[in-house]
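Here the structure comes first, spelled out in structure tokens, and everything after it is commentary.
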Number of protein chains: 2
Amino acid sequence: MFTLAEENYLKALFHLESESKDGVSTNAIALKLKTKPSSATDMIQKLAEKKVVAYQKYKGAFLTKKGKLIAADVIRKHRLWEVFLVEKLNFQWDEVHDIAEQLEHIKSEELITRLDTFLDHPNFDPHGDPIPDENGVIKSSDKKLLSELEENQQGICVGVKQSDSKYLQYLDKLSINIGSKIKVLNVEEFDGSKTIEVGGKSYFISEKSAQNIYVIN
Amino acid sequence: MFTLAEENYLKALFHLESESKDGVSTNAIALKLKTKPSSATDMIQKLAEKKVVAYQKYKGAFLTKKGKLIAADVIRKHRLWEVFLVEKLNFQWDEVHDIAEQLEHIKSEELITRLDTFLDHPNFDPHGDPIPDENGVIKSSDKKLLSELEENQQGICVGVKQSDSKYLQYLDKLSINIGSKIKVLNVEEFDGSKTIEVGGKSYFISEKSAQNIYVIN
DNA sequence: ATATAGTTTTAGACAAGTCTAAAAATAAAA
DNA sequence: TTTTATTTTTAGACTTGTCTAAAACTATAT
Ligand SMILES: [Mn+2]
Ligand SMILES: [Mn+2]
Ligand SMILES: [Mn+2]
Ligand SMILES: [Mn+2]
């Protein structure tokens with residue numbers, strides 16, 4: 001069993017590791033978790049003793065295979081809860097992170113199994129990030145930007161890049177949501193703006209906006 | 001803000017207080033929370049300093065008005081989550097307590113407001129216990145036992161007294177669930193057994209079974 | 001190559017929550 | 001009303017996770 005703090009460190013490590021080839025510095029961890037480097041060192045040493053982190057003094061830290069599994073499981077829970085909050089409780093995409101940060105630490109296999117079923121086994125969270133499966137396997141997301149789609153291509157919205165409230169409200173006007181099917185009817189050569197079809201209706205969208213929307217197709 | 005441990009003590013105090021006129025002993029608290037009396041004393045003293053508990057050495061503890069509000073709020077969350085687990089995730093009535101024990105400490109007003117709406121503002125949890133409202137007010141439950149109903153009376157199932165798995169499975173056969181409308185068609189003078197109508201069908205139920213089911217009418 | 005700057009680790013302290021063992025207070029029995 | 005038993009509180013210790021300050025190490029610059 002891992003404590004809430006341990007789980008948060010493992011998760012941070014998982015994310016930081018994917019952003020750089022070599023070991024994660026205690027500085028980087030401290031920055032991410034808003035603690036001090038000395039605290040990070042302490043925790044990394046403890047996690048190393050528990051065999052979930054590989055660590056050599058001054059050389060940075062890596063997750064072991066076991067550590068990766070635990071981290072992926074926490075991330076799985078985080079993202080499933082985010083889907084729940086948006087899909088079922090009608091939260092906005094940018095309101096859910098802090099609550100999921102708490103919910104991800106609830107301990108119950110059965111709960112997550114059932115939640116996953118209840119949500120219909122989603123593959124992406126409301127920010128377009130992939131949800132690891134029960135075995136910690138992450139489907140590499142083939143997500144691209146809506147702006148990359150050409151005429152007559154279509155995709156399913158899986159998230160947004162930046163998600164401030166004003167922008168989300170704008171998307172609501174275009175009836176764009178997670179899972180929305182978006183078809184590109186026309187691309188304006190001049191400025192890259194598009195005419196799209198969502199839910200039977202057609203809308204106009206600027207290139208800048210289209211560069212902020214993730215789709216899979 | 002109150003910590004997880006503080007919230008658990010407040011909740012225990014709330015329940016214990018309703019079971020005896022005078023102050024709650026540190027012994028009783030320790031027993032309920034599976035800690036030691038010395039730990040309970042420490043915590044009660046801290047809660048007294050925070051003005052949520054009224055406490056005099058050797059005289060037992062009471063919740064203050066403020067303390068009662070916080071306790072009721074934790075209980076509200078616990079019971080709402082229990083409803084969610086049973087109604088939405090299809091857990092059995094006896095599987096939800098431990099998970100709710102964790103979920104009750106998630107901090108977000110908005111979350112609970114929305115959860116309450118999502119669940120259609122339930123008044124009772126799956127064990128028939130009333131759910132405090134946003135202001136900590138508990139509708140005194142007029143719940144009675146199914147065995148107390150007379151011929152042609154009806155009630156809505158709000159919970160069960162003892163909830164072991166086997167019994168719940170038996171109730172499933174009678175299609176009795178939280179919210180089920182149960183009408184008493186006939187009472188057998190001889191042994192108190194009843195013929196009841198649930199969801200259009202009629203079933204036979206022994207007095208012993210009927211003494212285990214809570215209804216309101 | 002040596003000095004300087006930046007990073008990382010250690011040492012020691014602290015708050016929260018718990019425990020054991022002992023002291024103090026209360027309750028029950030003689 | 002003493003003595004004895006039980007309950008409750010205190011004292012001191014321990015764990016987890018954090019912090020500051022100082023020491024040790026690494027990287028950079030002259
Ligand atoms: Mn978290
Ligand atoms: Mn997310
Ligand atoms: Mn419960
Ligand atoms: Mn609890």
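Not measured: the values here are computed from a predicted model. Within every chain, numbering begins at 1; the chains are lettered A, B, ... in the order of the sequence lines, protein sequences first and strands thereafter. Atoms considered below: every heavy atom in the structure, side chains included; atoms not considered: hydrogens, waters and symmetry mates.
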Legend entry - Residue B:Pro37, side-chain atoms from C-beta onward, closest of C:dT10, D:dT18, D:dT9: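 The answer is D:dT9, which lies nearest to the side chain.
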Legend entry - A:His78 and A:Glu82: side chain donor to acceptor below 3.5 Å: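 There is such a pair (donor and acceptor under 3.5 Å, judged by atom type) between the side chains of A:His78 and A:Glu82.
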Legend entry - Charged N-O contact under 4.0 Å between A:Glu104 and A:Arg79: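 A salt bridge is absent here (no side-chain N lies under 4.0 Å from a carboxylate O).
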Legend entry - Option passing salt bridge (Lys or Arg N to Asp or Glu O under 4.0 Å) with B:Asp129 (candidates B:Lys139, B:Lys143, B:Lys161, B:Arg76):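 Between B:Asp129 and the candidates, salt bridge (Lys or Arg N to Asp or Glu O under 4.0 Å) is satisfied uniquely by B:Lys143.
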Legend entry - Identified side-chain contact (heavy atoms from CB on, under 4.5 Å) counterpart of B:Leu119 within the set B:Thr117, B:Leu115, B:Asp116: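 Checked B:Thr117, B:Leu115, B:Asp116 against B:Leu119; only one passes side-chain contact (heavy atoms from CB on, under 4.5 Å): B:Leu115.
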Using whole Å, what does the distance between atom [atom2] of nucleotide [N] and atom [atom1] of [X] come to?
X	N	atom1	atom2	result
B:Glu6	C:dT18	CD	P	10 Å
A:Tyr58	C:dT7	OH	P	14 Å
A:Gln45	C:dT10	CD	C1'	9 Å
B:Lys59	C:dT26	NZ	P	7 Å
A:Met1	D:dT15	CE	P	21 Å
A:Glu49	D:dT16	CD	C1'	14 Å
B:Asp22	D:dT8	CG	P	11 Å
A:Asp42	C:dG12	CG	P	14 Å

Inset, instruction - State, to 0.1 Å, how close B:Gly23 and B:Phe62 come at their nearest heavy-atom pair, and which atoms those are. - result: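 The pair with the smallest heavy-atom distance is N-CZ, 3.1 Å.
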Legend entry - Under 3.5 Å: donor-acceptor pair, side chain of A:Glu6, backbone of A:Thr3: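 Here the side-chain-to-backbone pair exists.
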Legend entry - Sidechain-backbone polar pair: B:Glu17 side chain, B:Leu63 backbone, donor-acceptor under 3.5 Å: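 Side chain of B:Glu17 to backbone of B:Leu63, a donor-acceptor pair under 3.5 Å: yes, one is there.
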Legend entry - Strand-adjacent residues in residues 24-36 of chain A, judged by heavy atoms under 4.0 Å from DNA chain C: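 Nucleic-acid contacts, sorted: A:Ser25, A:Thr26, A:Asn27.
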Legend entry - N/O (side chain, A:Tyr55) to phosphate O (OP1/OP2, C:dT8) under 4.0 Å: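 No.
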Inset, instruction - Considering just the side-chain nitrogens and oxygens of A:Tyr9, establish if one lies under 4.0 Å of OP1 or OP2 belonging to D:dT16. - result: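 Answer no for this pair, as no side-chain N or O of A:Tyr9 is under 4.0 Å from OP1 or OP2.
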Inset, instruction - Tell whether B:Thr41 reaches the base of D:dT10 with its side chain through a donor-acceptor pair below 3.5 angstrom. - result: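 Between D:dT10 and B:Thr41, which were checked side chain against base, a qualifying N/O pair under 3.5 Å is absent.
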Legend entry - 5'-most by nearest nucleotide on DNA chain D - A:Thr3 or A:Lys57: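 Taking each residue's closest nucleotide, the earlier one in sequence belongs to A:Thr3.
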